Amino acid sequence: MIYKFFYKLVNNEEEIVDDDYDRSYKDLINRYLLLLLIIFLFYSIFIIIFFGDMLSSVFLIVITFFWLFLMSIKGKTKRFREILKPTIISIFVLLTFIVSFFNIYTYQNAGVEYFYFCLLFAVPFFLNYKNDFFSILFIVFIISINFIACQYFNLDLLPKSPFLQKDDFKVIRVLNILFSIASFLMDIIFVAQKDKLIHGLIHEKEIKDSTIKDLIKTNAELMKHQMLINNLSEENIEEILNLAENNSPVFLKNFNFFSHTSFRKS
């Protein structure tokens, strides 16, 4: 039963998306998930090789497979549109707690707190300030509370790493700073690509609206032209026939006039 559910979830045929925006936005989301996958995979390998911390490494590998699973889901923006926003908020909360855990786990002295700012910079990529104001406010609140608690409170109840030595903190801090800067730059790139995608969609809509207006204008002129032809065939032709039946001397003059007029209109 569970296997069938996940099989349909991952292999659904509705991956074909008609909307160019949905397709492009889905690709951007997959790229961001790929970035998270690379970061977590690197740290899981780094921790097990240099510090021998098997438990932390396994935990990060499990999260890595979670990103891989999200990448493999077909039609994320189309099939799961209703739960997409709650899922995004939940992932932000999850990442915040992961950063808080490792910040405390490394004695609050390894530069893990820089990743809080990476999470904040990633918010504009997934959410819109106008439509998702309260969701953004909630995420910022969660990140801020975790940052303040980890920086200014000594949380001795949570576990600390027994594998780190005093000299290791400098190496880990430099590594975390480098990854934070790289994540920040990637956030800027992803947000810029999303803005480009939105502006391209707006420009395409303006072109379509302009084309529709031109078609409406052309159609109105054709209808007006057709109405003139119909008036000629119904009223003026009847007048010419009446003149012909009455042998009116005006018949030839009016016939030549209406026939030339009809020819010019057509």
Side-chain angles (χ1 to χ4, degrees), residues 24-25 27-51 53 56-57 59-68 70-71 88-129 132 136-152 160-161 163-198:
S24 301
Y25 188 47
D27 292 339
L28 287 177
I29 290 178
N30 283 338
R31 293 176 191 175
Y32 201 93
L33 291 173
L34 179 61
L35 172 65
L36 292 175
L37 186 149
I38 293 173
I39 292 175
F40 276 78
L41 182 61
F42 172 83
Y43 274 102
S44 63
I45 297 174
F46 178 80
I47 288 174
I48 190 64
I49 291 178
F50 290 94
F51 304 109
D53 191 347
S56 299
S57 180
F59 173 74
L60 292 176
I61 289 176
V62 171
I63 302 298
T64 301
F65 278 106
F66 175 67
W67 307 134
L68 184 62
L70 292 181
M71 289 176 61
I88 290 174
I89 296 173
S90 301
I91 290 175
F92 268 102
V93 174
L94 172 65
L95 289 172
T96 303
F97 288 150
I98 291 174
V99 172
S100 298
F101 171 77
F102 279 99
N103 191 24
I104 298 170
Y105 189 70
T106 55
Y107 300 90
Q108 302 169 316
N109 197 28
V112 181
E113 65 273 8
Y114 297 120
F115 286 100
Y116 287 119
F117 300 99
C118 296
L119 291 175
L120 288 174
F121 289 130
V123 171
F125 172 72
F126 292 97
L127 299 174
N128 185 284
Y129 286 113
D132 308 316
I136 293 174
L137 196 63
F138 174 74
I139 293 174
V140 172
F141 174 76
I142 293 295
I143 295 175
S144 301
I145 290 297
N146 278 263
F147 176 78
I148 293 172
C150 291
Q151 289 299 113
Y152 297 101
K160 304 292 193 300
S161 174
F163 301 95
L164 297 177
Q165 304 298 324
K166 184 176 181 181
D167 295 335
D168 295 334
F169 290 108
K170 294 181 180 179
V171 177
I172 299 177
R173 178 176 288 274
V174 172
L175 189 64
N176 287 334
I177 291 174
L178 292 176
F179 265 95
S180 299
I181 294 174
S183 300
F184 169 70
L185 294 176
M186 293 303 297
D187 288 338
I188 294 176
I189 293 174
F190 282 120
V191 171
Q193 289 179 343
K194 181 184 177 182
D195 289 340
K196 183 179 179 180
L197 181 63
I198 293 175

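Because the structure is predicted, anything quoted here is derived from the model rather than measured.
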Report summary line: What one should report as the nearest heavy-atom pair of R31 and F190 is CB-CE2, 3.5 Å
**Report entry** Inter-residue atom distance S183.OG - L119.CG, 0.5 Å rounding
**Finding:** 9.0 Å
Requested in this report: Could you walk me through whether I89 and F138 pass the side chain to side chain contact (heavy atoms under 4.5 Å, CB included) test, one step at a time?
Outcome: CA-CA 9 Å; I89 296 173; F138 174 74; 3.8 Å; yes
Requested in this report: With sequence neighbours excluded, tell me which residues meet side-chain contact (heavy atoms from CB on, under 4.5 Å) with I181.
Outcome: I177, L185
Report summary line: For F179, the ring-ring contact (aromatic ring centres under 6.0 Å, His included) test, sequence neighbours excluded, returns F42, Y43
Report summary line: Looking only at heavy atoms, the pair that brings F184 and C118 closest together is N-SG, 4.3 Å
Query raised in the report: To the nearest 0.5 Å, what is the distance between OG (S161) and CD1 (I172)?
Result: 7.5 Å
Report task. Only pairs at least two apart or in different chains count here, so list each side-chain hydrogen bond (donor to acceptor under 3.5 Å, both in side chains) that has a residue in residues 114-129. Result -> S100-Y116, Y114-R173
Requested in this report: Would you give the length of the straight line joining atom OG1 of T106 to atom CD of E113, rounded to the nearest 0.5 angstrom?
Outcome: 8.0 Å
Report summary line: Taken in chain and number order and not counting sequence neighbours, the residues that satisfy ring-ring contact (aromatic ring centres under 6.0 Å, His included) with F115 are none
Requested in this report: Could you point out which residue of I38, L36, L41 forms a side chain to side chain contact (heavy atoms under 4.5 Å, CB included) with T64?
Outcome: L41
Report task. For the pair D168 and F163, evaluate side chain to side chain contact (heavy atoms under 4.5 Å, CB included) and give the outcome as yes or no after the intermediate values. Result -> CA-CA 9 Å; D168 295 334; F163 301 95; over 6 Å; no
Query raised in the report: Between atom CG of L60 and atom CD1 of I98, what is the distance when rounded to the nearest 0.5 Å?
Result: 7.5 Å
Query raised in the report: Does the ring centre of F40 sit less than 6.0 Å away from the ring centre of F66?
Result: no
Report summary line: Residue set satisfying side-chain contact (heavy atoms from CB on, under 4.5 Å) with M71, at least two apart, ordered chain then number -> N30, L33, L34, L37
Query raised in the report: Taking only residues at least two apart or on different chains, which pairs with a member in residues 90-99 satisfy side-chain hydrogen bond (donor to acceptor under 3.5 Å, both in side chains)?
Result: none
Query - Non-neighbouring partners of D187 that pass salt bridge (Lys or Arg N to Asp or Glu O under 4.0 Å), sequence neighbours left out - result: none
Query raised in the report: Under the ring-ring contact (aromatic ring centres under 6.0 Å, His included) test, which residues partner F117, sequence neighbours left out?
Result: F147
Report task. Not counting sequence neighbours, which residues clear side-chain contact (heavy atoms from CB on, under 4.5 Å) with I48? List them please. Result -> M54, S57
Query raised in the report: Out of curiosity, F169 CZ to L164 CG, how far, rounded to the nearest 0.5 Å?
Result: 5.0 Å
Report summary line: Sequence neighbours excluded, the answer for side-chain contact (heavy atoms from CB on, under 4.5 Å) partners of K160 is I104, Y107, D156
Query raised in the report: Can you find a heavy atom in the side chain of L70 that is under 4.5 Å from one in the side chain of I91?
Result: yes
**Report entry** Non-neighbouring partners of F50 that pass ring-ring contact (aromatic ring centres under 6.0 Å, His included), sequence neighbours left out
**Finding:** F46
Requested in this report: Output all residues satisfying side chain to side chain donor-acceptor pair (under 3.5 Å) with D53, sequence neighbours left out; order by chain, then residue number.
Outcome: S56, Y105
Report summary line: Interatomic distance, CG@N146 vs CG@N103, rounded to 0.5 Å, equals 9.5 Å
Query raised in the report: W67 versus I39: any side-chain heavy-atom pair under 4.5 Å?
Result: no
